[in-house]
Q: 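One structure, as C-alpha cells, below. Some questions next.
Within every chain, numbering begins at 1; the chains are lettered A, B, ... in the order of the sequence lines, protein sequences first and strands thereafter.
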Amino acid sequence: MDLRICHLYPDLLNLYGDRGNVATLVRRAQWRGLDVHVLEARLGEAVDPGAADLFFIGGGEDRQQRLAAPDLRAVKGSALREAAADGAVVLAVCGGYQLLGHAYRPADGPVLEGLGLLDLETVHPGPGARRLIGNIVVRDLAGGRLLVGFENHGGRTRLGSAAAPLGTVVAGFGNNGEDRTEGAVAGTVYGTYLHGPLLPKNAWFADQLIVLALRRRWGDVTLAPLSDAEEDRAAVAAAARAGVRVRLDLGLPDP
Amino acid sequence: MRDAAAILAGRLAARASRALGAGGGTTVPGRVALALAPGLIGRLVARLPGGVVLVSGTNGKTTTARLLDGVLAAAGRTAVHNRAGANLLPGIASALVERAGLDGRPRAEVGLFEVDEFALPAAVEATRPLVVVLLNLFRDQLDRYGEIDIIAERWARVLAALPPGATVVANADDPMVADVAATWAGRCLLFGLDDAPDRGGARTLEHAADARYCYRCGVLYEYGLVALGHMGHYRCPRCGRARPAPAVRARTVRLRGADGAFFTLVLPDGEVAISTALPGLYNVYDATAAAAGALALGADVATIARGLAATAPAFGRGERVALDGREALFLLAKNPAGFNAVLRTVLDAEAAPVVLIAINDLAADGRDISWLWDVDFEVLRDRARAVVVSGLRAEDMALRLKYAGVPASCVTVERDPLRALEAGRARLGDGERLYVLPTYTAMLDLRDRLARQGYLRGFWKQ
Ligand SMILES: [Zn+2]
C-alpha cells in the first residue's frame, strides 16, 4: 500500500512551518509501513488529478498569494477539482484556505479570484484592521475532538451554505472572530486557519486525513495505532497557552 | 532645565530599578525621561560631535553594534551605546541618559544604537543619523511584525526621510535589503561575502529561505552562492536583476567551529586579514557590516582590523559560561535562518554534541512557534549525542525532534531551566562543552538564573 502526497507551492506558500504538515503525513504513514511519495508542484507546473491521493496547500503573504492565485486557477484548477470530485483529500491552511474559496479581497490591491472548491469568501477589512493572532483551540464538529494551533490572519472568512465549518472555536478567533466557526469542510476538501503547524500536534486529524486519502485506491483501510505521547503532550501544552486546560487523553472539559 | 530634570529622574529610576533587583533598568530610565521631556533624544544626540549610527535588521544587530563599538574604541573614540540590547526608543533614551551630564551634554562622541527593525522609522526621526546599517530581513515573529514585506516597505520609506548627507550601509547579499538600499539616492556602502565555506557542495536554499523570488517578475532567483538563508549571489533569470557588487567584502572565509573565524576583509583602499573570536558565518556577515559602518565613519583599515579582533561575543551570542568545571556556550537562536546557522556552527565544532534547546513563546520571542518546523533539525538526527529541551514550549520542541528523526532515547524534556542545564551538564564527557541554544527570553531567563547562582554577572552590568 502506498500514499501519494502532492505539495502545492512548497517554496511559495510556506509561511508558518507549513512543511511540518507534509512531514507529519509522511512520517505517520511510514511508521505504518506504507510507501510514501511526495510530489511538488510549483508555479507554472500542472498537476495530474490521478497522481496524488492528498493535496496540500500552505499559507503565504499577500504578495505570494497574488502570485499563486492565478496559477492555482489557470494551471492547477481543473485537475484539483477533478481529483476532489473523485475523493482525493485537499487540505489548505491559512492563505491556501482563502484561495480555495470564491474570492479573497486583500487589504489593498485587486480582488483575488479563488478556486471555488469551498463555498466561502474572505474579506480583509483594511490595513488598519486588527489581525486575528494567537493560540487557538477548536472543537471538531464531526467528532467533538480537539484541534490546537496558532492563527494569524487579517482576512475574515464567511462560509456559504455548501460548506460546513471544520469546528467551533473554544479559544481564539477562527474564521472571522465573530461567529465562532473555524475552517471549512466540503466532502474531502478541508480548509483551516490553524497552523502551528496543524498536523503534528493534532495527530488524530492527520491520521483521519491519511485514512481518507488511502480509501480512494485501497478501500476501507484502518491504521495501526501509534504511541502519540509526544504529540499529546505538545497539544496539551499548546492548549494551555490558549488558556484551555485539557487532560492528557484530550478530553475537553464541558464549558 | 526640563531636560536636566528628566536626566536626573531617569538616573534615579535606573538606580532604583537596580536596587530592587528588577533587572538592568535598560528601558525604565528612558521611559521616565521621555515622559518628562518628550524630544529629549533629539536634543541629546544633536550634541554628539560624531553623529549617530543606527544598526537594524532581523539577525546580528547586537553583535554588529558591539563590533562597531570595538572599532570606535580602537580609534580612540567614545560611543554611547545601548549595549544591553534594549533597542526601542526607551532603550536608546536610557543609554543617553546614563551618559549625559545634567547640562544635557552626552559624555561621548558618537551615538551607536541597535534598533528593532520595526522601530527604525521612529529612531531615524528621533536621531537624524549619519549612518544607517541595514543587515538583513528574515522572517521573525510574524505575530508581532506581520509579513517581512511590510518591514521592507517601512525601511524604504525610512530612507526617503534620511538627512541628505547620510550614508546607508546595506547587505548586497540580501535581495530585499539591496532593493531597499537601491532606493537611496545618497551615499551607499554595500557589503557582502565573496565566498563561503562549501558545505558538501550545498548550493541550494534551505527551507527557511524567505526572499527567493524576484519581486519584479515573481520568478525564483538563481544562486551562484548560497551563504546563509536567502543571502548570497542571486540573479533573476528573467529580468537579470542581480546582487550588486559590494564595496566591502569578506573573502577566503575559514570557520573555526565554536572558536571563531578567519577571513580577508577587502575594502576600497586595501585588504587585511581578520581573526575574530565570534563563531559562525553569520558573525562574518556582522563583522563585514561593522567594517563597512566603521568605514562610513572614517575609520582606516588597520583600526578596523584591530577593533574587530578585540571584540568579544555579546551576551548570549557565542558567550562562554563556566559550569562547575565544564563550559556552556550560549548561542542565541531566535528564528529559522539564525537557528540553522547556529546548528551548523555546533556541528562544525563537535562530532557528537550535547545540546540544550530552550524555546519560549513570550512576546519578545514571538508567540507563534510554528517556525520550529522551518528549522532543519534533521541535521541533529545522526549527530547529537543528547538533546535536552526546555522552556515554555519544551513539548513542541520535543515533538519537532521526534519528526526530525532524533531518537527518543537522546531527548530529555526538562521545563525548568536550571534543571535542564544540570541535565545537559551531566551528559558531558571530559573536555566537552554544553551547547545552549535558547530563544531570546529563554536566554535571559537562563542567564538570570545562572547569575543568581553566582555563575556570572547580570548582563546589565557589562
Ligand atoms: Zn526579475
Side-chain angles (χ1 to χ4, degrees), chain A residues 10-12 14-24 26-28 42-44 59-64 66-68 70-71 93-95 107 127 131 133-135 148-152 154 194-201 203 227-238 240-242, chain B residues 139 141-150 152-153 204-215 217-221 230 336 359-362 366-378 389 391-406 408 411 413 415:
Chain A
D11 52 19
L12 185 66
N14 64 338
L15 194 52
Y16 303 110
D18 287 320
R19 76 192 182 100
N21 291 313
V22 175
T24 302
V26 170
R27 300 304 297 248
R28 296 186 70 81
R42 293 159 208 274
L43 278 181
E61 307 181 11
D62 279 3
R63 189 175 67 87
Q64 281 100 30
R66 213 162 282 141
L67 288 171
D71 186 86
V93 172
C94 204
R131 287 182 76 83
I133 304 178
N135 291 292
V148 298
F150 198 93
E151 62 183 321
N152 183 351
L194 266 65
H195 60 264
L198 169 72
L199 296 181
K201 284 195 287 284
S227 158
D228 288 333
E230 285 88 354
E231 286 82 350
D232 292 348
R233 272 199 290 270
V236 169
R241 297 302 277 162
Chain B
R139 72 178 65 179
Q141 300 191 29
L142 291 160
D143 60 311
R144 182 168 140 234
Y145 294 127
E147 307 167 343
I148 61 175
D149 288 6
I150 294 171
E153 280 163 26
T204 50
L205 289 167
E206 52 196 56
H207 294 287
D210 295 306
R212 32 169 99 208
Y213 281 84
C214 172
Y215 267 43
C217 316
V219 173
L220 271 177
Y221 285 124
H230 57 258
I359 305 295
N360 276 2
D361 65 350
L362 300 176
R367 291 185 298 137
D368 181 4
I369 45 93
S370 53
W371 61 273
L372 291 178
W373 293 80
D374 285 323
V375 180
D376 297 324
F377 286 110
E378 284 74 9
V389 295
L392 298 168
R393 300 305 289 261
E395 293 84 0
D396 275 271
M397 189 59 229
L399 183 61
R400 176 69 188 93
L401 291 173
K402 176 176 180 177
Y403 280 84
V406 178
V411 180
V413 180
R415 257 194 182 221

Q: Heavy-atom cut-off 4.5 Å, strictly under: side chain, backbone, both or neither for B/Ala404 against chain A?
A: backbone
Q: Taking side chain as everything from C-beta outward and backbone as N, CA, C, O, which of these in A/Ala238 sits under 4.5 Å from a heavy atom of chain B? Side chain, backbone, both or neither.
A: both
Q: Find out whether A/Pro197 and B/Trp373 are in side-chain contact, i.e. whether some heavy atom of one side chain is under 4.5 Å from a heavy atom of the other.
A: yes
Q: Go through A/Leu67, A/Asn135, A/Leu12, A/Leu43 and name the one with the most non-hydrogen pairs under 4.5 angstrom from chain B.
A: A/Leu12
Q: With respect to chain A, which residue among B/Leu401, B/Leu372, B/Asp396 yields the maximal number of heavy-atom pairs within a distance under 4.5 Å?
A: B/Asp396
Q: Given the options A/Pro10, A/Ala237, A/Ala240, A/Pro200, which has more heavy-atom pairs under 4.5 Å with chain B than any of the others?
A: A/Pro200
Q: Quick one: are A/Glu61 and B/Ile150 in side-chain contact, heavy atoms under 4.5 Å?
A: no
Q: If I compare all heavy atoms of B/Val375 with all of A/Arg19, which pair ends up nearest, and what's the gap?
A: O-NH2, 3.5 Å
Q: side-chain contact (heavy atoms from CB on, under 4.5 Å) between B/Arg367 and A/Ile133: does it pass, once the steps are laid out?
A: CA-CA 9 Å; B/Arg367 291 185 298 137; A/Ile133 304 178; 3.7 Å; yes
Q: Does any non-hydrogen side-chain atom of A/Glu230 lie less than 4.5 Å from one of B/Val413?
A: no
Q: What's the shortest heavy-atom distance between B/Leu220 and A/Asp11, and which atoms?
A: CD1-OD2, 3.9 Å
Q: Hey, does A/Glu231 have a side-chain heavy atom less than 4.5 Å from the side chain of B/Lys402?
A: yes
Q: Grab the two heavy atoms, one from B/Asp368 and one from A/His195, that are nearest each other, plus how far apart they are.
A: OD2-NE2, 2.8 Å
Q: Between atom OH of B/Tyr403 and atom CZ of A/Arg28, what is the distance when rounded to the nearest 0.5 Å?
A: 4.0 Å
Q: Heavy-atom distances under 4.5 Å only: say whether A/Arg241 touches chain B with side chain, backbone, both or neither.
A: side chain
Q: Heavy atoms only, distances under 4.5 angstrom: which of B/Ile369, B/Asp361, B/Val411 has the most pairs with chain A? Name it, please.
A: B/Asp361
Q: Rounded to the nearest 0.5 Å, how far does CG of A/Leu198 lie from OG of B/Ser370?
A: 11.5 Å
